[in-house]
Amino acid sequence: MNTEHTLAIVKPDGVGKRLIGEVISRYEKEGLEIVALRMIKLSKREAKGFYAVHSDKHFFDSLTDFMSSGPVVVAVLAGENAISRNRQLMGATNPKEAAEGTIRRDFADGIEQNVVHGSDSPENAAIEINYFFPGIQLVHTS
Ligand code: IDP
Ligand code: MG
């Protein structure tokens, strides 16, 4: 067993398109357990803190403007290989390159406004979960 936790975000475009339920439903249908969930609006500063790893990228200012432009839903998903399974559900960063049936292929408008975030490694998952749910006791229902 390789039970993992991963941080997922429905980004402001996803919330604006009323995709919260659709996205959460895809996690549940995949068998990923939702063990924490909250809706928040990030400040520009919080968005910059979350995406600090990308601070040297040309898109950093635009990305953090976008991420602080409206509410987001942040969740912790749990399950066997949860990190890679969530990345599979999401699809490639650029929706034009995302596989059919993935969230980004189905709903994203472009490489920046791409509906969802998902942690990419156990190390980043731990950092990202702690960023939004500091000190959380992760509850398992199954
Ligand atoms: P990921 O979300 O698939 O892990 P990352 O490379 O970690 O992709 O980039 C973080 C986020 O930054 C992306 O989800 C997307 O919103 C935005 N982004 C990535 N590359 C570009 C780009 O080339 N132009 C504009 N925004 C980008
Ligand atoms: Mg990433």
Side-chain angles (χ1 to χ4, degrees), residues 1-17 19-140 142:
M1 282 283 282
N2 178 38
T3 303
E4 290 177 336
H5 292 90
T6 189
L7 186 88
I9 306 179
V10 184
K11 295 182 178 183
D13 59 328
V15 174
K17 289 177 169 177
L19 291 170
I20 298 170
E22 171 71 31
V23 170
I24 300 259
S25 177
R26 289 190 183 206
Y27 302 149
E28 290 192 316
K29 284 182 187 145
E30 169 61 22
L32 293 170
E33 193 185 354
I34 292 143
V35 298
L37 187 69
R38 56 191 281 240
M39 187 171 200
I40 49 174
K41 184 167 183 304
L42 298 180
S43 65
K44 174 86 171 171
R45 186 191 179 87
E46 288 167 329
K48 286 166 89 172
F50 179 72
Y51 273 125
V53 296
H54 293 308
S55 59
D56 59 345
K57 306 274 170 60
H58 67 91
F59 55 80
F60 183 65
D61 193 48
S62 174
L63 171 63
T64 51
D65 273 351
F66 162 54
M67 289 300 290
S68 57
S69 67
V72 297
V73 171
V74 291
V76 180
L77 312 178
E80 179 87 359
N81 300 316
I83 294 168
S84 62
R85 283 166 66 204
N86 183 41
R87 297 286 309 191
Q88 291 277 331
L89 285 181
M90 290 161 60
T93 310
N94 185 343
K96 290 185 186 146
E97 292 162 12
E100 263 183 54
T102 60
I103 295 168
R104 285 167 164 172
R105 174 71 171 260
D106 287 350
F107 302 115
D109 287 336
I111 193 166
E112 181 174 271
Q113 304 211 3
N114 58 8
V115 183
V116 280
H117 168 83
S119 308
D120 64 5
S121 66
E123 295 73 24
N124 286 337
I127 292 166
E128 292 175 3
I129 290 167
N130 187 57
Y131 195 78
F132 289 115
F133 300 96
I136 194 171
Q137 302 271 326
L138 294 166
V139 175
H140 291 261
S142 56

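Please read these numbers as outputs of a predicted model, since none were measured by experiment. Here, residue 1 is the first one in the sequence, and each next residue gets the next number.
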Suppose we screen for side chain to side chain donor-acceptor pair (under 3.5 Å). Which residues come up paired with [X], at least two apart in sequence or across chains?
| X | value |
| --- | --- |
| Arg26 | Glu22, Asp106 |
| Glu4 | Asn2 |
| Glu28 | none |
| Lys29 | Ser25 |

Just by distance, do the side chain of Arg105 and the backbone of Ala99 share a donor-acceptor pair under 3.5 Å?
no
Taking Ile111's backbone N and O only, do any of them form a donor-acceptor pair with Asn94's side chain (distance below 3.5 Å, no angle check)?
no
The salt bridge (Lys or Arg N to Asp or Glu O under 4.0 Å) partners of Lys17 (sequence neighbours excluded) come to Asp109
Could you tell me which non-hydrogen atom of [X] sits nearest to which non-hydrogen atom of [Y], and how far apart they are?
| X | Y | answer |
| --- | --- | --- |
| Leu42 | Glu46 | CA-OE1, 3.4 Å |
| Ala125 | Thr6 | CB-CA, 4.1 Å |
| Met67 | Ala47 | CB-CB, 4.0 Å |
| Leu7 | Val76 | CD1-CG2, 4.4 Å |

Do [X] and [Y] have side-chain heavy atoms sitting under 4.5 Å apart?
| X | Y | answer |
| --- | --- | --- |
| Arg104 | Thr93 | yes |
| Ile103 | Leu19 | no |
| His5 | Phe133 | no |
| Phe107 | Val116 | no |

Kindly write out the residues that satisfy ring pair (Phe, Tyr, Trp, His ring centres under 6.0 Å) with Phe132, not counting sequence neighbours, or none if the list is empty.
Phe50
Go through the structure and list residues passing ring pair (Phe, Tyr, Trp, His ring centres under 6.0 Å) with Phe60, not counting sequence neighbours.
none
Out of curiosity, Ile9 CD1 to Met90 CE, how far, rounded to the nearest 0.5 Å?
9.5 Å
Sequence neighbours excluded, which residues qualify as side-chain contact (heavy atoms from CB on, under 4.5 Å) partners of [X]?
| X | result |
| --- | --- |
| Asn124 | Asp120, Ser121, Ile127, Glu128 |
| Ala8 | Tyr27, Leu77, Asn86 |
| Ala126 | none |

The side-chain contact (heavy atoms from CB on, under 4.5 Å) partner of Val115 among Val15, Thr102, Val23 is Val23
Pairwise salt bridge (Lys or Arg N to Asp or Glu O under 4.0 Å) hits with a residue in residues 72-85, at least two apart:
Glu30-Arg85
So the side chain to side chain donor-acceptor pair (under 3.5 Å) pairs with at least one residue in residues 62-74 (sequence neighbours excluded) are Lys44-Thr64, Lys44-Asp65, Ser62-Glu112
Would you call the rings of His117 and Tyr51 parallel, tilted or perpendicular, taking 30° and 60° as the class edges?
perpendicular
